[in-house]
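To keep things clear, I will list the structure first and then write my remarks on it.
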Number of protein chains: 2
Amino acid sequence: MDGAGSDITAETIAADIAFAVHEHRLAPGSKLSEDEVGHVFGVSRTVVRAALQRLAHDRLVELKRNRGAFVAQPSVTEAREVFEARALLEPRTARSAARRATPDDIGILQRHIDEEHAAVREGSAGRALYLSGRFHLEIARIADQATIAEFIGQLVSRSSLVIALYWERRGALCESHAHHALLRALAEHDGARAEELMQSHLVDLLTSLDLRNRTSAPTSLSQALKL
Amino acid sequence: MDGAGSDITAETIAADIAFAVHEHRLAPGSKLSEDEVGHVFGVSRTVVRAALQRLAHDRLVELKRNRGAFVAQPSVTEAREVFEARALLEPRTARSAARRATPDDIGILQRHIDEEHAAVREGSAGRALYLSGRFHLEIARIADQATIAEFIGQLVSRSSLVIALYWERRGALCESHAHHALLRALAEHDGARAEELMQSHLVDLLTSLDLRNRTSAPTSLSQALKL
DNA sequence: GCACTCTAAATTGTATCCAATTTTGGATTC
DNA sequence: GAATCCAAAATTGGATACAATTTAGAGTGC
């Protein structure tokens, strides 16, 4: 996987760790030791530190002074704030995307949904969650707003942590239908409908959380990284 | 200034540089040499690099591989995107702020406006611009949405760069009236009006730019840092 | 048996060092 | 005189070294 000419940089390490968090292979609270990460990727601590700082800036990792890096554990208020920010950004972005979506874009989104269904069928919930997030990010990309897309990307990542900590309705595939409806609105260039659907989809997500007690908590080894 | 117990960290260096950019003491395109910055702050390149990476993540600095760090020069499309993102976030945030604003909050905002006027009077346009940005950030803080406030903070910073590059209407104190009207709407808890005012204020800002040719460009020494 | 303390190991923060790349300046050529 | 090329200087990327802090654990006392 990393044998040949794969140049490992701070950016790729950060992306790999973010991906692992996205797929819930790295639980919130997990310690990310510099030596350990450096050993896994075969680089010195210098590069690892840059990667961790980058992740900390995205709020995926919390840096505690003299104590090291941990996968972030968003508080209840932070969880609410993340979804409120998404509610501000994503509906209007979906409207823009509906205006601009090409047949190719629709095809890409459809493939995302298909892959997500396949992942759910074969029981890989982590991958399904990742693909579900990518669907949202793809819409932002279609809207052709790089700046907003970057914010949404960060919020989607943080939502992954929120879901790991506070998700309640296990097994309910509430995503599939919402995403499918959104896809149709986009295909029909119905911006108003896309905006509405995104809005209610985000509300659904937030209400599917149990913000009283965190479900997950135990931390896993970062050995679940490389594969 | 930095003599006594001031512990200089990557964070404080990043803040100082960001402040200098905010006040237009550091022009877009300025080279930020690691050795130079390190010498100014009395730290090694290690901590300078961390600060520059942090600024790069905020898009205030552009890191060119093997070439070093430069104060960012937002493109025309990036300039538009920054203001479109602000148009998405700030009006609704102003509405929330109007709901929550306490007399103390209003006092703080009034003081901001007063200081801004004073800065304009004594001809320190840089400081006035900085305070004008802080006004927007303060509203986000009043809305009690840390996540959104962080985004707005980044966008305000980037707006500073955009203004440095593309500002046209020199001398027009278009800010003062808009901010004063906003303050009144907030004081009266008139959320709808605050939202409208913020919306049109942002449109005004965007239309005050000449997005055809960049006005500023020459780069200044980073010796304009410490004071 | 439990808590406390003190020491040793481990981990992070920062500085320095070396290799690689870029930049600069001058000499050469047309 | 202008462009090109080559070598020296400067700058960045990354690894290592060392100091400071935290963590772990054994030992002691009650």
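Taking atom CG of D7(B) as the reference point, atom P of dT14(C) lies 9 Å away to the nearest angstrom. Note: CD (E11(B)) to P (dT14(C)) measures 12 Å, nearest angstrom. dT14(C) atom C1' lies 17 Å from atom CZ of F41(B), rounded to whole Å. One interatomic measurement links the two molecules: CG of L63(B) to C1' of dG14(D), which rounds to 15 Å at whole-angstrom precision. Here the C1' atom of nucleotide dT11(C) and the NE2 atom of H39(A) are 16 Å apart, to the nearest Å. In this structure, D35(A) atom CG and dT22(D) atom P are separated by 18 Å, rounded to whole Å. K64(A) has its NZ atom 17 Å from the P atom of dT11(C), to the nearest Å. Residue E34(B) contributes atom CD, which lies 15 Å from atom P of dT22(C) at whole-angstrom precision.
The environment of R80(B) atom CZ is sparse: at most 12 non-hydrogen atoms of other residues, nucleotides or ligands sit within 6.0 angstrom.
The main-chain N or O of A128(B) is never found under 3.5 Å from a side-chain atom of S132(B) such that the two would form a donor-acceptor pair. Between the side chain of S124(A) and the backbone N or O of R127(A), no donor-acceptor pair lies under 3.5 Å. Between the side chain of S157(A) and the backbone N or O of G153(A) there is at least one donor-acceptor pair closer than 3.5 Å. T12(A) places no side-chain N or O within 3.5 Å of a backbone atom of I8(A) that could act as its donor or acceptor partner.
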Filtered N/O pairs between nucleotides 23-25 of chain C and protein, under 3.5 Å:
| unit_1 | atom_1 | unit_2 | atom_2 | d |
| --- | --- | --- | --- | --- |
| dT23(C) | OP1 | R67(B) | NE | 3.4 |

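Ion pairing between a basic and an acidic side chain is recognised when a charged N comes within 4.0 Å of a carboxylate O; R158(B) and D58(B) show no such pairing.
Note on residues 59-77 of chain B: pairs passing salt bridge (charged side-chain N to carboxylate O under 4.0 Å, His left out), not counting sequence neighbours, are E150(A)-R59(B).
Between L155(B) and F151(A) the shortest side-chain heavy-atom distance falls below 4.5 Å.
When ring centroids are compared, H112(A) and F135(A) stay outside the 6.0 Å threshold.
Scanning residues 44-61 of chain A for heavy-atom distances under 4.0 Å to DNA chain D yields S44(A), R45(A), T46(A), V47(A).
Of the two residues contacting DNA chain D, namely T9(A) and R65(A), the nearest-nucleotide position lying further toward the 5' end is that of T9(A).
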